[in-house]
Amino acid sequence: MEIQNEATFKAVLFRKLVPYFDIRPEVTGWHLLGQKLRIDALLKPRFIVENVMLGLEVKAFETRSDVSVGDYTAALKQAIDYSLCRFEGRLPDLVLLYPGILSGPTHKGYFAAVRDLGVRLAGQFRIGELKERNGRFAIYISDTPLWRSNYGLTGAGKTFRWTRGL
């Protein structure tokens, strides 16, 4: 099935994520500087006992043919803004971009020279990636896998401080 727009792209993704997360789509929050923002979804992982809230920003770049480096930069900036937003009274513990914009198969050439730096810098802001491959999902931060849908928490995921602690 070819997906024609971002709304359909998100609906298909959310259906696939139901076994792993409680999903609250289109949640409005407040940036620490007072701006009202809306994130695509808040996720509560079913695989973590702690009260962890993950933000999810979905970019359907695959539905467009005119994607540029500026689109990726804007997505990363947007994720950083969300990491500084209160949703349901608190900051998200981690904000995930889907698909993993810094390592996506379609447009990775844009980031070939700075990929490692970009991924690691994003991790400092608690920005990670939700990746999908062959119908399986994984959460990465700073290019380190924390969780895989077919495996569970990885070694790094077991020691990772999932809650923000602020």
Side-chain angles (χ1 to χ4, degrees), residues 1-30 36-64 67 71-72 74-76 78-108 119 122-123 125-165:
M1 172 175 108
E2 186 173 323
I3 298 174
Q4 300 295 324
N5 59 53
E6 191 164 282
T8 305
F9 189 76
K10 286 191 277 192
V12 169
L13 172 65
F14 293 167
R15 279 194 301 271
K16 291 188 220 175
L17 291 177
V18 165
Y20 314 108
F21 301 95
D22 290 325
I23 303 167
R24 292 185 304 276
E26 302 295 330
V27 179
T28 300
W30 292 93
K36 185 177 176 180
L37 299 174
R38 188 176 64 212
I39 195 164
D40 288 331
L42 292 179
L43 307 176
K44 165 71 174 105
R46 298 179 193 271
F47 51 87
I48 298 174
V49 176
E50 301 171 73
N51 185 22
V52 174
M53 180 177 65
L54 307 176
L56 179 65
E57 180 58 23
V58 179
K59 293 298 179 192
F61 291 143
E62 283 73 17
T63 66
R64 297 176 37 207
V67 179
D71 293 313
Y72 288 101
L76 189 54
Q78 191 175 12
I80 291 169
D81 280 341
Y82 291 144
S83 76
L84 300 171
C85 249
R86 291 196 175 277
F87 297 100
E88 300 180 353
R90 60 183 273 217
L91 298 172
D93 295 303
L94 192 63
V95 175
L96 304 174
L97 288 164
Y98 176 87
I101 65 165
L102 298 177
S103 55
T106 308
H107 305 289
K108 69 180 176 183
V119 169
F125 288 94
R126 294 190 68 85
I127 307 302
E129 298 175 287
L130 177 66
K131 298 181 184 185
E132 181 181 12
R133 185 174 178 194
N134 299 324
R136 294 182 176 156
F137 291 94
I139 293 175
Y140 282 75
I141 191 165
S142 297
D143 215 20
T144 301
L146 300 178
W147 169 83
R148 291 188 176 112
S149 61
N150 63 327
Y151 179 79
L153 292 174
T154 65
K158 290 176 184 172
T159 60
F160 181 72
R161 185 174 168 179
W162 285 89
T163 56
R164 190 176 196 140

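For the pair T144 and A156, the tightest heavy-atom approach, listed with the atom from each and the gap, is CG2-CB, 3.6 Å. Between P45 and L54, the shortest heavy-atom distance links the atoms CG-CD1, 3.7 Å. Shortest non-hydrogen contact noted between L153 and K158 is O-CE, 3.6 Å. For the residue pair C85 and G29, the shortest heavy atom distance occurs at SG-C, 4.3 Å. Shown here for D93 and T163, the closest heavy-atom pair between the two residues is OD1-CA, 3.4 Å. When all heavy atoms of F87 and M53 are compared, the closest pair comes out as O-CE, 3.6 Å.
Contact check for R164 versus R90: no side-chain heavy atoms found under the 4.5 Å cut-off.
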Evaluate Q78 against E57 for side-chain contact (heavy atoms from CB on, under 4.5 Å), listing each step before the verdict. CA-CA 8 Å; Q78 191 175 12; E57 180 58 23; 3.5 Å; yes
Verify side-chain contact (heavy atoms from CB on, under 4.5 Å) between I141 and L146, making sure each step is shown before the conclusion. CA-CA 7 Å; I141 191 165; L146 300 178; 3.5 Å; yes
Full working for side-chain contact (heavy atoms from CB on, under 4.5 Å) between L42 and V27: CA-CA 7 Å; L42 292 179; V27 179; 3.6 Å; yes
Residue pair L13, V58: steps toward the side-chain contact (heavy atoms from CB on, under 4.5 Å) verdict: CA-CA 9 Å; L13 172 65; V58 179; 3.8 Å; yes
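Listed for the R24 side chain is no donor-acceptor partner under 3.5 Å among the backbone atoms of A41. Under a 3.5 Å cut-off, the side chain of S83 and the backbone N or O of V95 do not form any donor-acceptor pair. Judged purely by atom type and a 3.5 angstrom limit, Y82 uses its side chain to pair as donor or acceptor with the backbone of R38. Within the 3.5 Å criterion, the main-chain N or O of V18 finds a donor-acceptor partner in the side chain of R46.
Of the inter-residue distances, the one linking F137 atom CZ with L130 atom CG reads 6.0 Å to the nearest 0.5 angstrom. Atom CG of residue L94 and atom CZ of residue R161 lie 13.0 Å apart, to the nearest 0.5 angstrom. With values rounded to the nearest 0.5 angstrom, I127 atom CD1 is found 8.5 Å from L96 atom CG. Rounded to the nearest 0.5 angstrom, L37 CG and L84 CG are separated by 10.0 Å. The line from CZ of R15 to CD1 of I23 is 10.5 Å long, rounded to the nearest 0.5 Å. The CD atom of E129 sits 7.0 Å away from the CG atom of L97 when rounded to the nearest 0.5 Å.
Heavy atoms from other residues, nucleotides or ligands lying under 6.0 Å from CZ of R133 number 12 at most.
Relative ring orientation between F21 and W147 is described as perpendicular, the plane-to-plane angle rising above 60° on a 0-90° scale split at 30° and 60°.
At least one test fails for K59 against the ring of Y98: distance under 6.0 Å to the centre or angle within 45° of the axis.
Taking the charged nitrogens against the carboxylate oxygens, E26 and K10 do have a contact shorter than 4.0 Å, which makes a salt bridge.
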